[in-house]
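Data first, discussion second: the structure below is written as structure tokens.
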2 protein chains.
Amino acid sequence: MFFRLFNEIGIVEQLSRALLEARLPHGLTRPHFTVCNHLIRVKDGQTPLDLARAFQVPKTTMTHTLSGLEKHGLVELRPNPEDGRSKRVWLTPAGRAFRDKAIADLGPVFDDLAGGVDPGRLQAILPALEELRVFLDAYRSAKTGGPPRFGLAQVGRKRDPPRT
Amino acid sequence: MFFRLFNEIGIVEQLSRALLEARLPHGLTRPHFTVCNHLIRVKDGQTPLDLARAFQVPKTTMTHTLSGLEKHGLVELRPNPEDGRSKRVWLTPAGRAFRDKAIADLGPVFDDLAGGVDPGRLQAILPALEELRVFLDAYRSAKTGGPPRFGLAQVGRKRDPPRT
DNA sequence: TGACTATAGTACGACATCGCACTAACTAAT
DNA sequence: ATTAGTTAGTGCGATGTCGTACTATAGTCA
């Protein structure tokens, strides 16, 4: 049962990602969009590590994603006046426009989706998914070792054995 | 709403993947496991393209996954007597053992999961997920162009513009 | 102040994913 | 049989993801 569940989730993830990226400008991926979206929905000025935590990705992955966004002029990384080690991520006008346009372009897709699948039914699975996500996150932390530890970043993955 | 849904799905996908791969032998990934599992649950002797369709991945990705499985001696690729272009994928005893051991190793995880999240609740979201998956798959085909066309493989993704 | 530890970010390498282009083989129409 | 179009699989290159290791800065404690 769990296998089927995770399998369905994996396939939906692939398909939804392809659906989104087919509608983004060339060179921009779902993470780029989701980060911009997050910076608008929540707030910008967060640190890269904040974002890595929010999306449950290693910080190296977030560095990579942000560098892509910066290269496209969608965000700006400025030093964090409160902490010399870290930076803060700010959206540029282009970044906001990019996000708005992506959402607009997805409108028809969501309309079709709402026509083909009962939105209420999808809405209804959100709490269970969220519960599952929270459990998996906590489970990883629990199994990884001690307390909250740190930001997420590099934990709990498998370790390369020394090359023989 | 759809964003939140796909976001949760994406995160659950990442976390479940990490959870699984942390319990697999080094060098083997979730696709390796899921393919072996599929070959046992459904049947082996399928063609690589059958598998690519089943997992909704491009055929090049399946080639890569199968070559990894073959390198580890978990599957065998033999010519397809009915079609000189294609091959058939057969599990080796090692492949079956690998799948069985992975499932056994995941037992405790699933027990914990069943303890932390109501399994009935997860079970209940399966039909909606499946419906969503079927819709997304059909939608991609519909938008991509005509009829069933081909196997899945390389479609509907964005095209690289000529390098300037 | 100095020493030790913890944290933020990055450079780098390994590898997975996937689009493009190509070959070989099948199919259809004549 | 010839030819054109389609399909199965792969080589290759580009890029996303992530673990390891490193640097710079903070924080803690004496």
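Basis for what follows: all heavy atoms, side chains included, without hydrogens, waters or symmetry-related copies. Nothing here was measured: the structure is a model prediction, and the numbers come from that model.
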Counting side-chain heavy atoms from CB outward, which of [options] is closest to [X]?
{"X": "Arg17(A)", "options": "dT17(C), dG11(D), dG16(D)", "result": "dG16(D)"}
{"X": "Arg53(A)", "options": "dG11(D), dA8(C), dC18(D)", "result": "dA8(C)"}
{"X": "Thr65(A)", "options": "dC18(D), dG9(C), dT17(D)", "result": "dT17(D)"}
{"X": "His32(B)", "options": "dC18(C), dC18(D), dA16(C)", "result": "dA16(C)"}
{"X": "Leu49(B)", "options": "dG9(C), dG9(D), dC18(C)", "result": "dG9(D)"}
{"X": "His64(B)", "options": "dG16(D), dA8(D), dA16(C)", "result": "dA16(C)"}
{"X": "Pro48(A)", "options": "dT25(D), dG9(C), dT10(D)", "result": "dG9(C)"}
{"X": "Arg85(B)", "options": "dA16(C), dG16(D), dT6(D)", "result": "dT6(D)"}

Roughly, in whole Å, what's the span from [atom1] in [X] to [atom2] in [N]?
{"X": "Lys59(B)", "N": "dT17(C)", "atom1": "NZ", "atom2": "C1'", "value": "16 Å"}
{"X": "Leu77(A)", "N": "dA8(C)", "atom1": "CG", "atom2": "C1'", "value": "13 Å"}
{"X": "Gln14(B)", "N": "dA16(C)", "atom1": "CD", "atom2": "P", "value": "17 Å"}
{"X": "Lys71(B)", "N": "dC15(C)", "atom1": "NZ", "atom2": "P", "value": "7 Å"}
{"X": "Leu24(B)", "N": "dC15(C)", "atom1": "CG", "atom2": "C1'", "value": "15 Å"}
{"X": "Glu82(B)", "N": "dG9(D)", "atom1": "CD", "atom2": "P", "value": "13 Å"}
{"X": "Phe55(B)", "N": "dT17(C)", "atom1": "CZ", "atom2": "P", "value": "12 Å"}
{"X": "Arg30(A)", "N": "dT15(D)", "atom1": "CZ", "atom2": "C1'", "value": "16 Å"}

Just to confirm, is there a sub-4.0 Å distance from OP1 or OP2 of dT10(C) to any side-chain nitrogen or oxygen of Thr63(A)? yes

Is any side-chain nitrogen or oxygen of Arg88(B) closer than 4.0 Å to OP1 or OP2 of dA8(D)? no

Return all side-chain donor-acceptor pairs below 3.5 angstrom for residues 117-126 of chain A, not counting sequence neighbours, or 'none' if the list is empty.
from	atom 1	to	atom 2	distance (Å)
Asp118(A)	OD1	Gly120(A)	N	3.0
Arg121(A)	NH1	Glu131(B)	OE1	2.2

Pair of N/O donor and acceptor under 3.5 Å linking dG9(C) base with Lys87(A) side chain: no

Checking all strands, does [X] fall into the base, sugar-phosphate, or nothing category for heavy-atom contacts under 4.0 angstrom?
{"X": "Ser67(B)", "value": "nothing"}
{"X": "Asp83(B)", "value": "sugar-phosphate"}
{"X": "Thr61(A)", "value": "base"}

Parallel, tilted or perpendicular, judged at 30° and 60°: which one describes the rings of Phe33(A) and Phe98(A)? perpendicular

Spatial distance of atom CZ (Arg133(B)) from atom CD1 (Ile11(A)) [nearest 0.5 Å]: 5.5 Å

CG on Leu28(A) to CG on Leu20(A), rounded to 0.5 Å: 10.0 Å

Would you say Asp50(A) and Thr47(A) are linked by a side-chain donor-acceptor pair, where the criterion is simply a distance under 3.5 Å? yes

Leu51(A) versus Leu39(A): any side-chain heavy-atom pair under 4.5 Å? yes

What residue among Leu74(B), Leu69(B), Asp44(B) forms side-chain contact (heavy atoms from CB on, under 4.5 Å) with Leu91(B)? Asp44(B)

Check nucleotides 2-5 of chain D for protein N or O atoms closer than 3.5 Å to its own N or O atoms and list the pairs.
none

Selection residues 63-75 of chain A - residue pairs positive for side-chain hydrogen bond (donor to acceptor under 3.5 Å, both in side chains), sequence neighbours left out: none

